[in-house]
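Quick notes on the structure that follows.
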Amino acid sequence: MSELLSPPSNGAGLRLTQSQKDLVGGSVGGMAQVLVGQPFDIVKVRIQTAPPGTYASPLDCATRLLKADGPLGFYKGTLTPLLGIGACVSIQFGALEGAKRFFAGRAKGRELNLGELWMSGAFAGVTNTVIASPVEHIRIRLQTQPAVTPRLYSGPLDCAVKLYKQGGGLKGLFKGQVPTMWRDGVGYGCYFMAYEALVQRHLRTTGLSRDQVSPVWAVTYGAAAGYALWFSIYPVDVIKSKLQTDSLDPTKRVYKGMIDCTKQTWKAQGIKGFLGGLAPTLIRSPFANGATFVAFELAMRAMN
């Protein structure tokens, strides 16, 4: 099939290739994920990056945020992830579906096994870090800047420019790239493996085709996939957040790198240091990831 947009024979409009549909469906899923999950995410990031003892609980963090910034405070830095995460999830699903088609060509009619599903998801995760790393870095800087005037960053573009200038060019924007690749490679391998395996099992037991699966099941399997993601890589996400809120000035940095951050976190807090913000993440996960998959599946059905 040609990868170019080609008009259908009846001249009614433009026909999207399967790869282009995957990208559009992923964008829709990513935007749904951000809109549903952003309030939980900002609480998670603040707890992860705050000094020990700053917040008594996730509820305490949320209450303080509400008092300081009002309801819109829960959507601080949303524009960047709305566009960026939409693009990231678009890349994820595009890469995932491409990898699945590659393995399906070798499978010769059989279902993809767990290893093939995991590798497809891992490929999707690592591929998406090209956008995910700078987007999340900008989001985290905006989410954690103090509510003072004048603020450190006036918005996403101002933040990106300052990270570029103060961090030594692209290194400033891509700070935390290594833990992001570890997190997304391992995590999205587990994420997509869980979802696709559950969908495969559903199709086997019901005899339905994929476009006949109820959105309720897509939400349910997406929620399960979200838990598979976070339980597999949450400590790495904590390290990533700590590195991305560390000083851009090499002489003022708290952490020398991923390994040093891990050692210092363990020495200061033990295992608890790697679990900060886990509660709001687990509360957010079924809603955000359920929304992601059901939006993707419905978008694909609409385009097909």
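Values below: every heavy atom of this structure, side chains too, minus hydrogens, waters and symmetry copies.
When all heavy atoms are compared, the tightest approach of Cys159 to Leu142 is CB-CD2, 4.2 Å. Counting all heavy atoms, side chain and backbone alike, Ser120 lies closest to Lys100 at OG-N, 3.8 Å. Across all their heavy atoms, Ala194 and Ala225 have their closest contact at CB-CA, 4.0 Å. Between Trp266 and Ile271, the shortest heavy-atom contact is CZ3-N, 3.6 Å. Of all non-hydrogen atoms in Pro179 and Leu243, the two that sit nearest each other are CG-CD1, 3.8 Å. The shortest non-hydrogen separation linking Val89 to Gly29 is CG1-C, 4.3 Å.
For the side chain to side chain contact (heavy atoms under 4.5 Å, CB included) with Ile131, the qualifying choice from Val135, Asn128, Thr129 is Val135, the only one to do so.
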Using the salt bridge (charged side-chain N to carboxylate O under 4.0 Å, His left out) rule, take Asp41 and Arg139 through it: C-alpha gap first, then chi angles, then the decisive distance, then the call. CA-CA 10 Å; Asp41 188 71; Arg139 176 176 64 174; 3.5 Å; yes
Let me see the working for Ser247 and Asp249 under side-chain hydrogen bond (donor to acceptor under 3.5 Å, both in side chains), right down to the final yes or no. CA-CA 5 Å; Ser247 175; Asp249 185 344; 5.4 Å; no
Between Asp237 and Lys44, does a side chain to side chain contact (heavy atoms under 4.5 Å, CB included) hold up when you go through it step by step? CA-CA 10 Å; Asp237 186 65; Lys44 178 202 77 169; 3.0 Å; yes
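Within the 4.5 Å cutoff, side-chain heavy atoms of Phe74 are placed close to those of Val43. Counting only heavy atoms from C-beta outward, the side chains of Ile47 and Pro58 approach each other to under 4.5 Å. For the pair Gln244 and Thr180, the minimum side-chain heavy-atom distance is below 4.5 Å.
Salt bridge status for Asp211 with Arg301: absent, with no side-chain N to carboxylate O gap under 4.0 Å. Classification of Glu111 and Arg201 as a salt-bridged pair fails, no side-chain N sitting under 4.0 Å from a carboxylate O. At a threshold of 4.0 Å, the pair Asp260-Lys263 does not count as salt-bridged, since none of the basic side-chain nitrogens sits closer than that to a carboxylate oxygen. Here Asp69 does not pair with Arg64 in a salt bridge; the nearest charged N to carboxylate O distance is not below 4.0 Å. Salt bridge Glu136/Lys240: present, at least one basic N to carboxylate O contact under 4.0 Å. Electrostatic pairing of Asp158 and Lys162 counts as a salt bridge here, judged by a charged N lying under 4.0 Å from a carboxylate O.
Asp22 places no side-chain N or O within donor-acceptor distance of the main-chain N or O of Glu97, the cut-off being under 3.5 Å. In this structure, Tyr234 contributes its side chain and Gly276 its backbone to a donor-acceptor pair below 3.5 Å.
Leu198 and Leu96 end up in the same hydrophobic cluster when Ile, Leu, Val, Met, Phe, Trp and Tyr side chains are linked at under 4.5 Å. The hydrophobic clustering, which links ILVMFWY residues whose side-chain heavy atoms are closer than 4.5 Å, places Val236 and Trp230 together. Phe123 is not connected to Val126 by any chain of hydrophobic side-chain contacts under 4.5 Å among Ile, Leu, Val, Met, Phe, Trp and Tyr, and they are in different clusters. Note on Leu152 and Tyr164: same hydrophobic cluster, where clusters join Ile, Leu, Val, Met, Phe, Trp and Tyr whose side-chain heavy atoms are under 4.5 Å apart, directly or indirectly. At a threshold of 4.5 Å between side-chain heavy atoms, the hydrophobic network of Ile, Leu, Val, Met, Phe, Trp and Tyr places Val294 and Leu35 in two separate groups.
The neighbour count for Phe103 CZ, taken as heavy atoms of other residues, nucleotides or ligands under 6.0 Å away, is above 12. Few gaps surround CH2 on Trp118; more than 12 heavy atoms of other groups in view lie less than 6.0 Å from it. Atom CD1 of Ile259 sits in a sparse spot, with 12 or fewer heavy atoms from other residues, nucleotides or ligands closer than 6.0 Å. The environment of Tyr153 atom OH is dense: over 12 non-hydrogen atoms of other residues, nucleotides or ligands sit within 6.0 angstrom. The number of heavy atoms from other shown groups lying within 6.0 Å of CZ (Arg106) does not exceed 12.
Using a 3.5 Å distance cut-off with no hydrogens or angles, the side chains of Tyr227 and Asn289 do not pair a donor with an acceptor. Side-chain contact, Asp184 with Gln92: no donor N or O sits under 3.5 Å from an acceptor N or O. Of the N and O atoms on the side chains of Glu297 and Tyr221, not one donor lies less than 3.5 Å from an acceptor on the other residue.
Checked against a 6.0 Å centroid threshold, the rings of Phe174 and His137 do not count as neighbours.
Using cut-offs of 30° and 60° for the angle between ring planes, the Phe192 and Phe293 rings count as perpendicular.
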